[in-house]
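Notes follow the structure.
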Amino acid sequence: MLFSRAFIPTLRDDPAEADTPSHRLLLRGGFLMKVASGIYDWLPLGLKVMRKIEEIVRQEMNAIGGQEVLLPVVQPKELWEASGRWGKYGKELLRLKDRKDAEFCLAATAEEVITTMVTKHVRSWKALPIMLYQIGTKFRDEIRPRFGILRGREFIMKDAYSFHATDEDAERYYETAKGAYCKIFDRLGLKYRPVEADSGPIGGSFSHEFMVLANTGEDIVVYCTKCEYAANRERAECRDEQALRHKGTKAQGEAAAPQDVHTPGLYSVEDVANLLKLPKDQFVKTLFYWANGDRPVVCLLRGDHELNEAKLKRVLKIDDLKKMEEAQYVKLCGAPVGFAGPQGLSEKVKKTNPKAVVVGDHAIKGVADGCSGSFKKDYHTVHLAYGRDFKADSYEDLRFAGEGDACPRCADGKLAFQKGIEVGHVFELGIKYSVPLNAVFLDAQGKSHPMVMGCYGIGTSRLVAAAVEQNSDANGIIWPRSIAPYDAAILCLDIDDPKVKETAVKIYEEAKKAGLDVLLDDREVQAGVKFKDADLIGIPLSIRIGKRGIAKGEVELKLRNSKTPKFVPVARTLEAVPEELKSYSVQ
Ligand code: ATP
Ligand code: MG
């Protein structure tokens, strides 16, 4: 491609709206152009990168038996009603009407469409397993579209769906898909981690997310510094670890009798801890919820811990959890707002509502000389001991893991946090969709069963940006080799010099013949602009051809991420290029 003919609208300055390196560099480098919030034009350079990613994804999906399809972006309401998601999928689902007032939505995902499609054809166990995938446009009306294509409203996703006769076969394939994902991200040259993810409250199924590690990521990866354990923040487990002893505090069984202390107008753990000069982890806090709208649930947590609602939902096996309003919990437990505590709480709430339960996080069992509300306005109770003064109906893992917590898997590892961008998700769906959508097959005995499903997503457009988040410097993008828009840029530094131009064109033609994808910068601009643009666009290798070099019979080869150029005789240029590219470290 000739740069003078290419549609590469690079910008001199950073666009004002750009909030992360990838957003800034993809706009500046002429890869993307904004059309509306979360909606972008894919320009030739951007599309080239995305197509390379798609091709790698396609090859690895085919390698595990996937067959490519293309499903509609406009999907009828009826399919989503059949699965029960028309009502559940909130405002992210963009709904529209046709001229006859029939309702549709734009594809946010495709479980309904594909399951219906497969059901029409597959009747017998003999046709299973089957895996179908597509690489296509998705639309989600995200509340906060941001970081350019990292969280767009319109984006491209590879979504794959597998159908199996048995749980075992679905589980086997889940591991196969995970393996394929690792191959994909390895080939893309990215640093990533597969992490355990929350698979929703209705147990049985499991899921993993693939995170590209980057400081600008919106997700938190919780990982063990000793073993292989890694999970997302929602999922990360906490060990049932109770020992907690501060200098000056009592051990279990040593606390003095509970005593009320005056804490006028102070409700929060923070404020009361400051007043009483007690560490926050010596507090027990009470949190009131409605489970499925009608069952009161009170959680007991240590003062320094935060409730993980996804864990609570899983424990209760529900998907509808709402915070209780103040007036309702006052009525339920009899304490004024901000002064509830764990003492006798289970009996109190059950008296008002027999369905109520008190669930404690494991860590409260370590509180031996604690503090909490006293059920009286403006008073807290100190010297509360677990077991002696308070208990819960049951104990569960309810809190978010913290940095430095003990690893839930190995003996002496500690948990650490790292930021990441979710680029892929593998999910064991079980029979969640096949039952409502009646996706059944007959086994060898002629008995009908719902198909067991898995689904596997990769954000192919998000990956373009994720790769930039991981690979850039002050001058621009540094593309991994496998997805770079061009293999090399030939910079003709003195375009008015016939000898220089002739050499550049010759090398360009030979490079194309040799199968290299090259961009010849033949623009009538200063050499400095060419250096800058080649760096900004992030092409792995530049072949610099100028008057001074030609006079000596040589050209300069420079890798995007190396400081030292290499000089080679003009005639040896094409031999040297593959060698140079081999030593490009962003593979
Ligand atoms: P997130 O938590 O980031 O919103 P998600 O859990 O909604 O992601 P999935 O429904 O699992 O995502 O979709 C599969 C993949 O599609 C994700 O792993 C991600 O790479 C990509 N993706 C999801 N939402 C967006 C978006 N708004 N813009 C770009 N890519 C997205
Ligand atoms: Mg989402």
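Just follow the structure's listing: the first ligand is 1, and inside any ligand the first atom is 1. The figures here come from the full heavy-atom set of this structure, side chains too, leaving out hydrogens, waters and symmetry mates.
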Under 4.0 Å from ligand 1, counting heavy atoms only: the protein residues, by chain and number: R140, E142, I149, L150, R151, G152, F155, M157, E422, V423, G424, H425, G459, R462

Set of residues satisfying side-chain hydrogen bond (donor to acceptor under 3.5 Å, both in side chains) with respect to R462, sequence neighbours excluded: none

Lys/Arg N to Asp/Glu carboxylate O, D141 vs K91, below 4.0 Å: no

Residues R85, E111: salt bridge by 4.0 Å N-O rule: yes

For residues 10-18, please give each side-chain donor-acceptor pair under 3.5 Å, one per line with the distance, not counting sequence neighbours.
residue: D14; atom: OD1; partner: R28; partner atom: NH1; Å: 3.2

is_close_aromatic(F206, Y174), centroid dist under 6.0 Å: yes

Results of ring-ring contact (aromatic ring centres under 6.0 Å, His included) for H425 - residues two or more places apart only: F427

